[in-house]
2 protein chains.
Amino acid sequence: MADRRQEILDAALALADERGLEAVSMRAVAERTGVTPMALYPQVGSKAELLDGMLERLLTELVPADAALAAGADGQDWRVRLRALAHAFRKLAHGHPWAATLLFSRPSVTPDAARVVDLVYTSLLEAGVPASEVPRVERLVSTYMIGYVASEVGGRFVSGELNPRARRGLVAAVRAKALPGHAALARWLEPPVDWDAEFEADLDDLMRLIETAAAQGSQT
Amino acid sequence: MADRRQEILDAALALADERGLEAVSMRAVAERTGVTPMALYPQVGSKAELLDGMLERLLTELVPADAALAAGADGQDWRVRLRALAHAFRKLAHGHPWAATLLFSRPSVTPDAARVVDLVYTSLLEAGVPASEVPRVERLVSTYMIGYVASEVGGRFVSGELNPRARRGLVAAVRAKALPGHAALARWLEPPVDWDAEFEADLDDLMRLIETAAAQGSQT
DNA sequence: ACCTGAACACCGTTCAAGT
DNA sequence: ACCTGAACACCGTTCAAGT
């Protein structure tokens, strides 16, 4: 019966997944839990803490996946572990689009978040990144990763179809030579972007960034 | 008098800067403009479009700064232009903390946003990044940059003071060897982080990433 | 201890009515 | 064309009251 709180979080998660974050109101969560809105407060404190709880709960889904990775880590290269974690995180975010932007407002300091961060730490250490640089590089990599999926699910990355007004504006600006970069790249700015391939290519670049950080460190 | 819309956006901007994004309600904006809430609708369409308008307007503040940079670009290295843009953007975001997360939900396709993107395009081309790779690398860099400032103003990056419960949990996990990475890095995880210096170091890494992307391209 | 009902001070938006 | 007033269907949260 101490799991009243879990029931509430389950209801909130389900609501967010089904109808988006803005459908998660105290009133709606309460109704789904079969209780009065006010009955939520002793359990979750406030709406802000409810959102924290949802995030915390979601991150537990990410941990089993990479716990397995860590277990098989004896022979595993740090590269494959980091890539697997990146893909697991992106997949999780696609399944719960409400979570991505929320991640920018909370330090990753819950037990499960720390476990994920720890996995990145050990990978970076294995890669040879100097210990003094590891926390920064971890933040760099995870900032990129959260930002990428936030862009995908949030609407910053849209494949192709701009609204006609925006498209005409861009075309006009290019014609007027106000945008020389766009003009030079016209051939490569054709709409459909393969976001899976882009994520992969970005990971390649980040792996190289990590290797360079490792080399910089050992040379001093 | 066609500037009714601008008056409304001014009021919304001022409200967001002074009391945060959640203080920007149609009712509050209307009151500040000296008009009925319903009078806003013909001008801005809806609340979502009001937020779009605010963002669009904010980006015009970024453009003059780098227009100057582009003008002095004859002798300027792409590195100094990119760094200056990064700093201008970070400073702008610190002055308007409500804007950062909003950026993840809109394609950068307004005239002023395109001008900023164009500056990055020309810098990357000058750096020697293959044209086919430039749009992707631009998105990688700007995703990192928006993510960094969103983390700063949103609360993901907090210097030091965790709440006691969280801190105890972390310490316990480290003791229990559940977090080997944290344990190995203990010395480097002491609280006060210099976020200015971290941003600088990240920019160094990204410059190297760009140089590597340029070298990869020319070698094939 | 845990829950309820009513209330307070808000939201965004529709719609008919005024000028 | 532009604005208003009233209304609808919501919010998060406080507080006194019930068991």
Side-chain angles (χ1 to χ4, degrees), chain A residues 1-58 97-99 101-102 104-106 154-155 163 165, chain B residues 1-58 97-99 101-102 104-106 154-155 163 165:
Chain A
M1 292 303 134
D3 290 19
R4 197 74 215 216
R5 184 163 193 273
Q6 294 306 324
E7 270 178 63
I8 294 169
L9 291 178
D10 286 342
L13 262 297
L15 224 35
D17 288 346
E18 288 167 21
R19 307 200 278 121
L21 196 59
E22 82 279 335
V24 180
S25 69
M26 297 302 272
R27 283 163 150 97
V29 172
E31 195 185 9
R32 193 160 183 138
T33 319
V35 91
T36 269
M38 289 315 102
L40 304 181
Y41 282 80
Q43 311 290 335
V44 300
S46 69
K47 172 133 188 214
E49 290 170 78
L50 172 68
L51 296 177
D52 280 359
M54 290 168 66
L55 218 49
E56 194 166 345
R57 189 148 169 82
L58 198 66
W98 50 270
T101 51
L102 243 40
F104 282 115
S105 59
R106 304 290 160 196
N163 66 61
R165 197 165 76 89
Chain B
M1 295 302 133
D3 290 19
R4 196 77 214 213
R5 185 163 193 273
Q6 294 306 323
E7 271 179 62
I8 294 169
L9 290 179
D10 286 341
L13 261 297
L15 224 36
D17 288 346
E18 289 167 21
R19 306 201 277 120
L21 195 59
E22 82 279 336
V24 179
S25 69
M26 298 301 272
R27 284 163 149 99
V29 172
E31 195 186 8
R32 193 161 184 138
T33 318
V35 92
T36 271
M38 290 314 102
L40 304 181
Y41 283 80
Q43 310 291 335
V44 301
S46 68
K47 171 136 190 211
E49 288 170 79
L50 172 67
L51 296 177
D52 280 359
M54 291 170 64
L55 218 49
E56 194 167 344
R57 188 148 170 82
L58 198 67
W98 49 270
T101 51
L102 243 39
F104 282 115
S105 59
R106 305 289 159 197
N163 67 60
R165 199 167 74 88

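All chains are named by letter (A, B, ...) in the order of the sequence lines, taking the proteins before the strands, and each is independently numbered beginning at 1.
- Residue Q43(A) places at least one side-chain N or O under 4.0 Å from the OP1 or OP2 atom of dC3(C).
- The shortest heavy-atom contact between A28(B) and A23(B) is CB-O, 3.7 Å.
- With contacts defined as side-chain heavy-atom distances shorter than 4.5 Å, the pair E56(B)/L9(B) does not qualify.
- Residues L51(B) and R106(B) are not in side-chain contact: their nearest non-hydrogen atoms beyond the backbone lie 4.5 Å or more apart.
- A sub-4.0 Å separation between OP1 or OP2 of dC2(D) and a side-chain N or O of R4(B) is absent.
- Taking the side chain as every heavy atom from C-beta outward, L40(A) and L50(A) never approach each other to under 4.5 Å.
- Annotation: dC11(C) and dA7(D) have their C1' atoms spaced 14 Å apart (nearest Å).
- Taken together, the paired segments of DNA chain C that extend over three or more consecutive Watson-Crick or G-U pairs, each closer than 3.5 Å at both contacts, are C:4-8 with D:12-16, C:12-16 with D:4-8.
- L13(B) is not listed as a side-chain neighbour of V24(B), based on a closest heavy-atom distance of 4.5 Å or more.
- Side chains of L21(A) and L102(A) form a contact here, defined as non-hydrogen atoms less than 4.5 Å apart.
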Heavy atoms under 4.0 Å is the rule here; annotate nucleotides 8-19 of chain D 5' to 3' with B where the base is hit, S where only the sugar-phosphate is, and - elsewhere. ---BBBBB----

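- A donor-acceptor contact shorter than 3.5 Å links the side chain of R5(B) to the backbone of Q43(B).
- Using a 4.5 Å cut-off on side-chain heavy atoms (C-beta onward), R57(B) and Q6(B) make contact.
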